[in-house]
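Some notes on the structure that comes next.
What you see is a predicted model; the values in this text were computed from it and never measured. We're numbering straight along the sequence, starting at 1.
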Amino acid sequence: MKNPALLAAGVCLGTLMAPVPSQAQLFTVPRDQMIELTAQNPFERFPDGRPRVPDALIERARGLSAEEVWAVLPKEGFRNQYADGFRILHPETRLVGRAFTLQFMPVRPDLDGVINARAKAAGLPRMYNQTAIDMLQPGDVLVVDLFGQQEGGTIVGDNLFYYIMKTTKNGGLVVDGAIRDLDGISEMAMPAYFRDVHPSAINNVMISGINIPVRIGKATVMPGDLVFGDSEGVYFIPPALVEKIVDNADEVHVHDEWTRKKFDEGKYKSSEIYGTPKDPELKKEYDEYLKKRLEEIRKKNPQ
């Protein structure tokens with residue numbers, strides 16, 4: 001079996017050096033390879049093959065907590081899906097959306113020349129940050145590997161941030177790099193996670209991949225992952241696990257709801273109720289409550 005890291009590298013370099021018949025195929029994973037790399041995706045796909053987690057699941061995911069995400073991912077073998085250490089624009093606001101990945105590298109003139117020659121052949125003046133930004137869709141979160149760069153690693157300022165906010169309908173931004181114009185950006189509602197702020201415009205970097213596997217901190221991110229961010233950090237959830245996580249979270253929410261109702265009655269010690277009721281009649285009451293509430297929740301939020 002081929003080494004997955006070598007496979008991913010081969011995909012990126014192979015696509016980079018292949019003939020480029022259209023803008024959509026510039027430095028990205030061809031549709032058949034995207035489907036192969038995300039074969040466990042149970043949902044529909046964008047035309048380029050990127051998984052499309054349904055809007056209804058995205059809305060349900062807004063009620064998640066970090067603990068509820070963590071309760072599932074490691075058990076399923078996904079231990080490298082969390083990144084932290086960011087400056088967070090609106091820590092009180094959940095970031096939830098589909099990953100649109102973008103990778104940069106430090107400029108190397110010979111490779112940069114090839115990249116921009118191919119961009120010109122595809123009818124573009126050059127490859128730069130707006131090439132990817134103009135490809136965003138509603139519900140996307142732009143996830144950018146800028147290798148932690150501060151000066152020159154500023155993916156957007158306030159004008160492009162505003163464009164992303166409007167185009168993605170408040171999707172979001174995660175950048176392992178920097179932003180500029182923080183004062184202006186701070187007035188905008190879209191959630192964003194970034195390493196630093198710097199007044200310079202983006203420079204001395206080159207795009208090396210659009211919608212390819214990228215690394216953010218110690219997390220591996222695939223195009224189409226569900227991005228979930230809170231006041232602690234960001235999770236990148238494989239599409240195949242999204243429904244399992246939100247279903248499990250529904251049960252946790254109902255369990256907490258019932259537990260606090262019983263505590264409010266003032267008749268029970270905590271050990272009699274939390275975490276599993278000890279009395280068989282209370283356990284039966286809880287099971288009936290759980291079934292009823294889950295039916296109500298899922299009727300309200302159908303897939």
Please tell me if the side chains of [X] and [Y] come closer than 4.5 Å, counting only heavy atoms from C-beta onward.
X      : Y      : result
Tyr163 : Val156 : no
Val144 : Leu173 : yes
Leu57  : Val246 : yes
Arg50  : Gln137 : yes
Val141 : Thr168 : no
Met190 : Phe161 : yes
Val174 : Ile216 : yes
Val221 : Pro213 : no

### Query
What's the verdict on salt bridge (Lys or Arg N to Asp or Glu O under 4.0 Å) for Lys169 and Asp55, showing C-alpha distance, side-chain angles and the deciding distance?
CA-CA 12 Å; Lys169 300 188 184 302; Asp55 291 342; over 6 Å; no

### Task
Show your working on side-chain contact (heavy atoms from CB on, under 4.5 Å) between Ile212 and Val214 and close with a plain yes or no.
CA-CA 6 Å; Ile212 64 170; Val214 299; 4.1 Å; yes

Can you tell me how far [atom2] of [Y] sits from [atom1] of [X], rounded to the nearest 0.5 angstrom?
X      : Y      : atom1 : atom2 : value
His253 : Asn248 : NE2   : CG    : 9.0 Å
Glu243 : Phe43  : CD    : CZ    : 5.5 Å
Leu111 : Met105 : CG    : CE    : 8.0 Å
Ile115 : Met206 : CD1   : CE    : 5.0 Å
Ile273 : Phe263 : CD1   : CZ    : 6.5 Å
Asp134 : Asn129 : CG    : CG    : 9.5 Å

Considering only NZ, NE, NH1 and NH2 on the basic side and carboxylate oxygens on the acidic side, decide whether [X] and [Y] come within less than 4.0 Å.
X      : Y      : value
Asp287 : Lys283 : yes
Glu295 : Lys292 : no
Asp250 : Arg293 : no

Whether [X] side chain and [Y] backbone form a donor-acceptor pair below 3.5 Å:
X      : Y      : answer
Asn116 : Met127 : yes
His90  : Met188 : yes
Arg98  : Pro223 : no

Where do [X] and [Y] come nearest, in terms of heavy atoms and distance?
X      : Y      : value
Glu272 : Lys267 : OE1-O, 4.4 Å
Thr38  : Met222 : CG2-CE, 3.8 Å
Phe236 : Ala219 : CD1-CB, 3.8 Å
Ile210 : Leu102 : CG1-CD1, 3.8 Å
Met34  : Asn211 : CE-O, 3.5 Å
Gly233 : Tyr193 : O-CE2, 3.9 Å

Within 6.0 Å of [atom1] in [X], more than 12 heavy atoms from elsewhere:
X      : atom1 : answer
Glu92  : CD    : yes
Phe46  : CZ    : yes
Lys261 : NZ    : no
Arg108 : CZ    : no
Tyr289 : OH    : yes
Arg215 : CZ    : no

Could you see if [X] belongs to whatever hydrophobic cluster contains [Y]? Use Ile, Leu, Val, Met, Phe, Trp, Tyr and a side-chain cutoff under 4.5 Å.
X      : Y      : answer
Ile164 : Tyr162 : yes
Val197 : Val175 : yes
Trp70  : Val242 : yes
Val107 : Leu146 : yes
Leu136 : Tyr128 : no

### Message
side-chain contact (heavy atoms from CB on, under 4.5 Å) for Ile245 and Phe228? Distances and angles first, verdict last.
### Response
CA-CA 12 Å; Ile245 287 172; Phe228 172 83; over 6 Å; no

#### Entry: With Lys284 via salt bridge (Lys or Arg N to Asp or Glu O under 4.0 Å) - residues at least two apart
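Applying salt bridge (Lys or Arg N to Asp or Glu O under 4.0 Å) to Lys284 gives none.
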
### Message
I'd like to check the salt bridge (Lys or Arg N to Asp or Glu O under 4.0 Å) partners of Glu67; sequence neighbours left out, ordered by chain and number.
### Response
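None.
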
### Set of side-chain hydrogen bond (donor to acceptor under 3.5 Å, both in side chains) partners for Glu251, sequence neighbours left out
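None.
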
### Task
Given side-chain contact (heavy atoms from CB on, under 4.5 Å), test Leu182 with Phe194 step by step and report yes or no.
CA-CA 11 Å; Leu182 180 60; Phe194 48 95; 4.0 Å; yes

Anything under 3.5 Å between a donor and an acceptor, one on a side chain of residues 148-155, the other on a protein residue two or more places apart or in another chain? List them.
{"residue": "Gln149", "atom": "NE2", "partner": "Glu151", "partner atom": "O", "Å": "3.2"}
{"residue": "Gln150", "atom": "NE2", "partner": "Asp196", "partner atom": "OD2", "Å": "3.2"}
{"residue": "Thr154", "atom": "OG1", "partner": "Ser200", "partner atom": "O", "Å": "2.7"}
{"residue": "Thr154", "atom": "OG1", "partner": "Ile202", "partner atom": "N", "Å": "3.1"}

### Test side chain to side chain contact (heavy atoms under 4.5 Å, CB included) applied to Val53 and Asn41, Ile58, Ile237, the passing residue
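Output: one option passes, namely Ile58.
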
### Query
What's the verdict on salt bridge (Lys or Arg N to Asp or Glu O under 4.0 Å) for Lys291 and Glu288, showing C-alpha distance, side-chain angles and the deciding distance?
CA-CA 5 Å; Lys291 180 180 179 181; Glu288 291 174 351; over 6 Å; no

### Message
I'd like to check the ring pair (Phe, Tyr, Trp, His ring centres under 6.0 Å) partners of Tyr235; sequence neighbours left out, ordered by chain and number.
### Response
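Result, ring pair (Phe, Tyr, Trp, His ring centres under 6.0 Å) vs Tyr235: Tyr82.
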
### Task
Return each pair, listed once, that meets side-chain hydrogen bond (donor to acceptor under 3.5 Å, both in side chains) where at least one residue sits in residues 175-187; pairs must be two or more places apart or across chains.
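Only Asp176-Arg195 qualify under side-chain hydrogen bond (donor to acceptor under 3.5 Å, both in side chains).
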
### Criterion side-chain contact (heavy atoms from CB on, under 4.5 Å) on Asp48 and Arg31, from CA distance to verdict
CA-CA 5 Å; Asp48 64 356; Arg31 177 180 170 82; 5.7 Å; no

